[in-house]
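One structure below.
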Protein chains: 2
Amino acid sequence: MFEELLTDLDETSKVVNAFIERVIAEQTDPRELHLASGHLLRAGGKRLRPFLLTTCCKLLGGTLEKALPSAASVELLHNFTLIHDDIMDQDNTRRGVPTVHTLYDIPMAITSGDLLFAKVYDTVIKYSDRRAIGEENILRILQTLTEGTIAICVGQALDVLFEKRDDVSEEDYIHMIGGKTAALFRSSAEAGAIIAGGKLEDTSRLCSYAYKSGLAFQIVDDILGLMGNEKTLGKPVGSDVREGKRTLIVIQSLRKCSHDERRRILSVLGNRNATAGEVTEVIQVMRSLDSIEYAKRRAEAFVNEAIEHLEPFPENDPKKKLLDLARFFVARES
Amino acid sequence: MFEELLTDLDETSKVVNAFIERVIAEQTDPRELHLASGHLLRAGGKRLRPFLLTTCCKLLGGTLEKALPSAASVELLHNFTLIHDDIMDQDNTRRGVPTVHTLYDIPMAITSGDLLFAKVYDTVIKYSDRRAIGEENILRILQTLTEGTIAICVGQALDVLFEKRDDVSEEDYIHMIGGKTAALFRSSAEAGAIIAGGKLEDTSRLCSYAYKSGLAFQIVDDILGLMGNEKTLGKPVGSDVREGKRTLIVIQSLRKCSHDERRRILSVLGNRNATAGEVTEVIQVMRSLDSIEYAKRRAEAFVNEAIEHLEPFPENDPKKKLLDLARFFVARES
């Protein structure tokens, strides 16, 4: 169903990856830092944010070429947050390979993330076509990337703080994933729109589309983290349960469960020593409470809202891609 | 001797601190993140980098007011690196208070550092006077801050990697502290010069002055880490020895020592369980090899080189301050 989209994603990836390679090749001393900071970038990833950025740019009349430095930049930003998140969550595997702090150590992983973050700005400032985009607009791109990062920090802090709380509401969760995930989707769309020289109204529509899509994306990510296939997922299933993540599925389960089920869920949630059997049992309980289905319905609702924001745009190829992309976010299996 | 300079530093601090307070007050949710990211900033610090920036700006005809957002920004940048460095070095005390990861935890400390880093850009972009400074120059300020940060990451990675090596040369060390410390001094001077609308030649002179001063500053920092007074220093004396830091004092000692002394030094260097007595003994050995005096002479030589770069500037108050500042870097006791 998404064959065309996947081909498009793949094509954009190739161009973006070539640019990213060029950017990370600038910093080769010390070699460990070079390898550590490029490790996750080279391990794969779908390059959804660069695709979102370049497609929004095209929708408003811009070109891939003009958007390329910023497209690479949002992927650098995303990877910087992944490296730091993996340390915080003590995750050992991502994209089917060891995480950076597992392969190197925590100091090298922290510094690698910091380096990629600096490269976000370096890439946009050094490689953007100043004459075509204009200095004022380059500052606007940097501003939206910065606001996206501040939102990510807030979301990430909330995500970690929520692990210790049993009273996290659905609203709290949406606010948290809005920062952790949806904000960078929004920044990507906004950067693309700015590069194209889009009108404020169109830019704002694309931001809303991207933010809502990002919420759906994260809800589905949380579902896949429980129900997905470890191999296609590239990370262990159920680690969210052991880490005590307050996902929508957990929140809905705690809302609907019996006293006895609550006790069973909370005894395993956040217990890093829980056995595979205990984790599977808790996932089974949450599934029996229809929490997975509930989360899926919420994700679908956000995608529908996202799609509504695209309505005013004329039917053309970039719009079709954005529609497919949002639908793909809920339909995907990895 | 430095009374006038210390008064000037204090006056600039007050203005910069007020601005920093305003910037960190914008982000109060979640409260833990707000407190953690402001913790070290509120614990003191001499605000040397903002002072350097504003004084370079004044030397080239600019004002404190025009430079204030960037001055706050370099302090945010410095504090972001301190928070992350303290995690990497497992340091528990700084500026006389517990470090951020000690008071909160490692995830909150990583995120706090990331937040401050994002605020570096947020502050310059949002608060700089665009009409007075110009968008092109604001991009130049962001670029020098970014280059400074990339250099810090390289220096920090080298600093950690050197801990495992016994063959670190004086040249390696200078290269490492050039990144870890001197680069941000240079970026501060450059930003100040850009804000003032300085000519490239003058900007470049101030960069060289700041970079050389920064090298001297770090060498003296390493001396104080061994010989200083714990109370005025705000952190434990000798922690560099336990962490195995390859300071100039260590490098010079390993170059001059006997076979037996080498064995004694290396048995304590990098040994986190070394007793206070063992650390004191090793410091005594290094002192007896005249390594402290050697490092001090190198620092003085760098200050003299720094001062030479100021020669072409007319004698005025900002120049006097920059001369005093460089001399203070080697004379200070904390």
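The figures that follow rest on heavy atoms only: side chains count, while hydrogens, waters and symmetry mates do not. Below, chains carry the letters A, B, ... as their sequence lines are ordered, and counting in each starts from 1.
Chosen from T149(B), L161(B), L158(B), D85(B), the residue pairing most often with chain A at heavy-atom distances under 4.5 Å is L161(B). The most heavy-atom pairs under 4.5 Å with chain A, out of H34(B), Q156(B), E136(B), come from E136(B). Contacts with chain A were tallied for A157(B), G148(B), C153(B); C153(B) has the most, counting heavy-atom pairs under 4.5 Å.
Using a 4.5 Å cut-off on side-chain heavy atoms (C-beta onward), F80(B) and D114(A) make contact. Proximity of H175(A) to D29(B): side-chain heavy atoms (C-beta onward) are separated by under 4.5 Å at one or more points. The side-chain heavy atoms of L139(B) and L142(A), taken from C-beta on, include a pair separated by under 4.5 Å. Under the 4.5 Å side-chain criterion, counting only non-hydrogen atoms from C-beta, I150(A) is not in contact with E26(B). The closest side-chain heavy-atom distance from T111(A) to V154(B) is not below 4.5 Å.
Judged by distance alone, the side chains of D122(A) and Q143(B) do bring a donor and an acceptor atom under 3.5 Å apart.
By the 6.0 Å contact criterion, CZ on R131(A) is open, its count of non-hydrogen atoms from other residues, nucleotides or ligands being 12 or less. Summarising the local packing, CZ of R31(A) is surrounded by 12 or fewer heavy atoms from other residues, nucleotides or ligands at distances under 6.0 Å. Under a cut-off of 6.0 angstrom, the local environment of CD in E65(A) is sparse, with at most 12 non-hydrogen atoms contributed by other residues, nucleotides or ligands.
Between the CE atom of M108(B) and the CE atom of M88(A) there is a distance of 9.0 Å, given to the nearest 0.5 Å. Expressed to the nearest 0.5 Å, how far CZ of R130(B) lies from CD of E135(A) amounts to 11.0 Å. Expressed to the nearest 0.5 Å, how far CD1 of I110(A) lies from CD1 of I83(B) amounts to 11.5 Å. Between the CD1 atom in I125(B) and the OG1 atom in T144(A) there is a gap of 10.5 Å [rounded to 0.5 Å].
Of the atoms belonging to D105(B), it is side-chain heavy atoms, and not backbone ones, that fall under 4.5 Å from chain A. Contact annotation for L33(A): only side-chain heavy atoms (C-beta onward) come within less than 4.5 Å of a heavy atom of chain B. Q90(B) does not touch chain A: none of its heavy atoms, backbone or side chain, sits under 4.5 Å away. Interface remark: R140(B) contributes no atoms to any contact with chain A (heavy atom separation under 4.5 Å).
Taking the six-membered ring for Trp and thresholds of 30 and 60 degrees, F117(B) and F117(A) have ring planes more than 60 degrees apart, a perpendicular arrangement.
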